[in-house]
2 protein chains.
Amino acid sequence: MVVPIFPASPVTPPAGGIRSQTGADLRAIALTQFASVGFAATSLQNIADIAGFSKSSVLYHFASKEALLEQVLTPAIDQLEVVLDRFVTEPETIATRERFVDDFIDFLLEFRLELHTFINQAQSLRGIAIIDRAGLLIVRLAASICHDDASNEDRLRFGFALGGAAYSLVAGMTFLGEATLPDDDLRPALRTVMTELLAPVSVHPRPAHS
Amino acid sequence: MVVPIFPASPVTPPAGGIRSQTGADLRAIALTQFASVGFAATSLQNIADIAGFSKSSVLYHFASKEALLEQVLTPAIDQLEVVLDRFVTEPETIATRERFVDDFIDFLLEFRLELHTFINQAQSLRGIAIIDRAGLLIVRLAASICHDDASNEDRLRFGFALGGAAYSLVAGMTFLGEATLPDDDLRPALRTVMTELLAPVSVHPRPAHS
DNA sequence: ACAGGATCTGACCGATCGGTCAACTAGCCT
DNA sequence: AGGCTAGTTGACCGATCGGTCAGATCCTGT
């Protein structure tokens, strides 16, 4: 049920050097739970049961439930910051905006569960450091994509791109196709739709339906 | 903080005829809480405190927390069913599809909090009757908008329309403009974006940005 | 063999959860 | 006045919450 991630795990962990494998498992389990049933509705006991550990063991690896959330979301927020900084650093051209779309899609596909978590629960988790940091990043992102003179439509398109991606890549697939598309099939379609929403200068007209 | 809705309240409630004013207040408060912090994170005590009543009083008006959720969401689901039935009944033309978009936008604006609640929390609330009913409606909606031969892009557009609207109309505005747009300013922009996503035959090319 | 650190666990804590219940109040009809 | 009903409340219940703590266990370096 749970798909843990093994980032080049060494056979012999060098005595407390890198994060423990157990910790990585717990983070992966916590992420799926936070994204699917929500942070508030996920109990430490719940995570422990899935992982096959006791609740005390979870609290040995993470100081608190909030600390677990922070460690779960931090890599995604770091990567989003990288993508955004790369975009705002360079002069804005059609090419850089299109490359931003590609960077952003890579981010979406890699961190879809993290995005879904902090997009749809930011309201209730306000005050937690990583959530507030993510919120500021979203504001910066909106300001970079939509200029001061942006129309209501363009601001709305940005919101649709963000909320639509978070929904479609996680919950939406439950409704649409039962079998989730592999990422390689998803990417070109995602690129088309995201480009329509975020890169208005290069809208490709589509043929009429059927 | 809370903005209750008073739908043509009679001065003298006809002795148990219509729903009580207190019940309507509680439903409105519960809706804002469910939509903003989530069903699981909203306690009956929380609702009672905002309303100025005791928790026991809330449980006098509603048999349980789940029953409260059902009564809160039912009007929205009923209306969504009306909009969908109207669309699938008629032969599909460009005109009917565009009118569906208008109907759907009316639905979005009137029931944005309800939509946000069951779109973003359906996973964790599975098993509750009204949520399952809403889920089936969404599947029917997807099947009606996207035909069997619909491309991945079109299915993705439908997901973006649904998730994007739920996000943009509730949480998104917190990030974008601090001051929420009045509905009359929002509607034309919403119509443009939703039409691009849901009515592919009538995409209006947009002028290049700035 | 031994020591020591890392890991894991059950018992336990106060707080809060959703929900039940008996009692109280206030209006309304006869 | 007396009874009926709707509305409201505090006391209380078992369950679960996040979190603490004192050990048990296991592995490794010496």
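Just so we're clear, the structure is a prediction, and the values are computed from it rather than from any experiment. The chains referred to below are lettered A, B, ... by the order of the sequence lines, with proteins before strands, and numbering in each begins at 1.
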Check whether the side chain of B:Ser56 and the base of D:dG10 form a donor-acceptor pair under 3.5 Å.
yes
Does A:Ser57 reach the main-chain N or O of A:Phe53 with its side chain, forming a donor-acceptor pair under 3.5 Å?
no
Rounded to whole Å, the NZ-P distance (B:Lys55 to C:dA15) equals 16 Å
Is there a side-chain contact between A:Arg126 and A:Ile131 in this structure, where contact means two heavy atoms from C-beta onward sitting under 4.5 Å apart?
no
Tell me the interatomic distance from A:Asp49, atom CG, to D:dC17, atom C1', rounded to whole angstroms.
14 Å
Would you say the side chain of B:Lys65 and the base of C:dG19 hold a donor-acceptor pair, judged only by whether the two atoms sit under 3.5 Å apart?
no
Would you say a side-chain N or O of B:Ser57 is under 4.0 Å from OP1 or OP2 of D:dT8?
yes
Please report the distance, rounded to the nearest Å, between CD in B:Gln21 and C1' in D:dG7.
15 Å
DNA chain D nearest-nucleotide lookup for B:Gly52 and A:Glu66: closer to the 5′ end is B:Gly52
To the nearest angstrom, how far is B:Phe62 atom CZ from D:dT8 atom P?
11 Å
Report yes if the side chains of B:Val83 and B:Phe100 come closer than 4.5 Å at any heavy-atom pair, otherwise no.
yes
So A:Leu59, base contact, sugar-phosphate only, or nothing? Heavy-atom distance under 4.0 Å.
base
Given D:dT9, D:dG19, C:dC17, which nucleotide is nearest the side-chain atoms of B:Phe53?
D:dT9
Using OP1 and OP2 only, check whether a side-chain N or O of A:Thr22 sits under 4.0 Å from C:dC8.
yes
In this structure, how many angstroms lie between the C1' atom of D:dT16 and the CD1 atom of A:Ile47, rounded?
15 Å
Phosphate-side-chain proximity, A:Tyr60 and C:dT7, N/O vs OP1/OP2 below 4.0 Å
yes
Check the orientation of B:Phe111 and B:Phe107. Use parallel for under 30°, tilted for 30 to 60°, and perpendicular for over 60°.
tilted
Would you indicate what A:Ser54 reaches in the nucleic acid, counting non-hydrogen atoms under 4.0 angstrom: base, sugar-phosphate, or nothing?
base
For D:dA6, take OP1 and OP2 only and decide whether either is under 4.0 Å from a side-chain N or O of B:His61.
no
Measure from the side-chain N and O atoms of B:Thr89 to the backbone N and O of B:Arg86, and report whether any donor-acceptor pair falls under 3.5 Å.
no
Rounded to the Å, how far apart are B:Leu125 CG and C:dG18 P?
13 Å
Phosphate contact (D:dC17 OP1 or OP2) by A:Ser43 side-chain N/O below 4.0 Å:
yes
